[in-house]
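First the structure, in the form of structure tokens, and then the observations on it.
Index from 1, following the sequence.
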Amino acid sequence: MNRLSLAPVTINEIEPPALIAAAAAAGFDSADLRVLGAPGAAPVPPLAGDRQRVAAIAAACADTGITIFAATGIWLTPEFSLDPALPALEIAARLGTEQFLAVGNDPDEGRMTTNLGRLAEAAAGFRLKLALELMPYTAVNTLAKAARMVERCGAANLGLLIDALHLARSGGTPAEVAALDRNRIAYLQLCDAP
């Protein structure tokens, strides 16, 4: 049976312990954790260095039996540097997270793919899997481009995150998903927005 995890954007305005409690109350197996905010979006209080918040998240998981499935999100922009991403990966690993979400938004596909490979290698050092998400409003705007980047990196811990909403809005089809190597699909996000 597939696990179901509650994404943080579902209930955007609450702290992670409350999201974890909501996931438990709703019958989810896991919750996802926003560790870093998206550029230009509402700021996310950083977890790195905030022992009290990290301890509260760990306690909420222990109290409810909810695990942290995925953490978000590292953005591969033209200015990307690996060093600022390392504390986020470390916090995710400390909380037992399985996946870390990455988003590509660099017009230089070669540089972005190189940085994706470097990030996947760093994630592997923390025993994390890395998932690249396609979004039609970013530089990784099609499933074909996301799949090409993942294949070029060739990292065993790197896969594709496919959000049904983003797939549909990008013009992607279920047939394209079915044609992928199943081992390259990290996980799926289901969104019922129009």
Leu4 and Ile68: same hydrophobic cluster, using ILVMFWY side-chain contacts below 4.5 Å?
no
Closest contact, heavy atoms only, Thr64 versus Ala24
CB-CB, 3.7 Å
Heavy-atom check, side chain of Ile20 versus side chain of Cys61, under 4.5 Å
yes
Pair listing, side chain to side chain donor-acceptor pair (under 3.5 Å) test, anchored in residues 17-37, at least two apart:
Ser5-Asp32, Asn12-Arg34, Ser30-Thr67
Any idea which heavy atoms bring Leu19 and Ile14 closest together, and the distance?
N-CD1, 3.4 Å
So, for Gly159 and Val150, which heavy atoms are closest and what is the spacing to 0.1 Å?
O-CG2, 4.0 Å
Exceeds 12 heavy-atom contacts within 6.0 angstrom, atom NZ of Lys129:
no
Rounded to the nearest 0.5 Å, what's the gap from CZ on Phe80 to CG on Asn105? Could you check?
13.5 Å
Side-chain touch Thr97/Val35, heavy atoms, less than 4.5 angstrom
no
Compile the donor-acceptor pairs under 3.5 Å between side chains in residues 119-127 and protein atoms, sequence neighbours left out, one pair per line.
none

Report yes if the side chains of Leu130 and Leu116 come closer than 4.5 Å at any heavy-atom pair, otherwise no.
yes
Could you pull out all residues at least two apart from Arg94 that satisfy side chain to side chain contact (heavy atoms under 4.5 Å, CB included)?
Val54, Glu90, Ile91
Quick one: salt bridge (charged side-chain N to carboxylate O under 4.0 Å, His left out) partners of Glu15, sequence neighbours excluded?
Arg53
Cluster link Leu33 to Leu86, ILVMFWY, side chain under 4.5 Å
yes
For the residue pair Ala31 and Ile66, what are the closest heavy atoms and their distance?
N-CG2, 3.6 Å
Running the 4.5 Å side-chain criterion over Ile, Leu, Val, Met, Phe, Trp and Tyr, what cluster does Phe69 land in, apart from itself?
Trp75, Leu101, Val103, Met135, Tyr137, Leu161, Tyr187
Give a yes or no on whether Leu167 and Leu165 share a hydrophobic cluster (residues Ile, Leu, Val, Met, Phe, Trp, Tyr; joining criterion: side-chain heavy atoms under 4.5 Å apart).
no
So Leu89 and Ile74, side chain to side chain contact (heavy atoms under 4.5 Å, CB included) or not? Walk me through it.
CA-CA 9 Å; Leu89 294 172; Ile74 295 172; 4.0 Å; yes
Look at the side chain of Arg184 and the backbone N and O of Leu158, then say whether any donor-acceptor pair between them is shorter than 3.5 Å.
yes
Supply the atom-to-atom distance Asp106 CG to Thr138 OG1, rounded to the nearest 0.5 angstrom.
11.0 Å
Between CD on residue Glu176 and CG on residue Leu143, distance to nearest 0.5 Å
5.5 Å
Heavy-atom closest pair, residues Cys153 and Gly117:
SG-N, 3.5 Å
Is there a side-chain contact between Met112 and Val140 in this structure, where contact means two heavy atoms from C-beta onward sitting under 4.5 Å apart?
yes
Would you say Val9 ends up clustered with Phe100 if hydrophobic residues are merged whenever their side chains have heavy atoms under 4.5 Å apart, either directly or through other cluster members?
no
For Asn157 and Leu128, indicate whether the former's side chain and the latter's backbone hold a donor-acceptor pair under 3.5 Å.
yes
Under a 4.5 Å cut-off applied to non-hydrogen side-chain atoms, are Ile162 and Leu180 in contact?
yes
Salt bridge (charged side-chain N to carboxylate O under 4.0 Å, His left out) with Arg152: which residues, sequence neighbours excluded?
Glu109
Side-chain contact test, heavy atoms from C-beta onward, threshold under 4.5 Å: evaluate it for Pro16 versus Pro8 and give yes or no.
no
Please check: side-chain N/O of Lys145 versus main-chain N/O of Leu134, any donor-acceptor pairing under 3.5 Å?
no
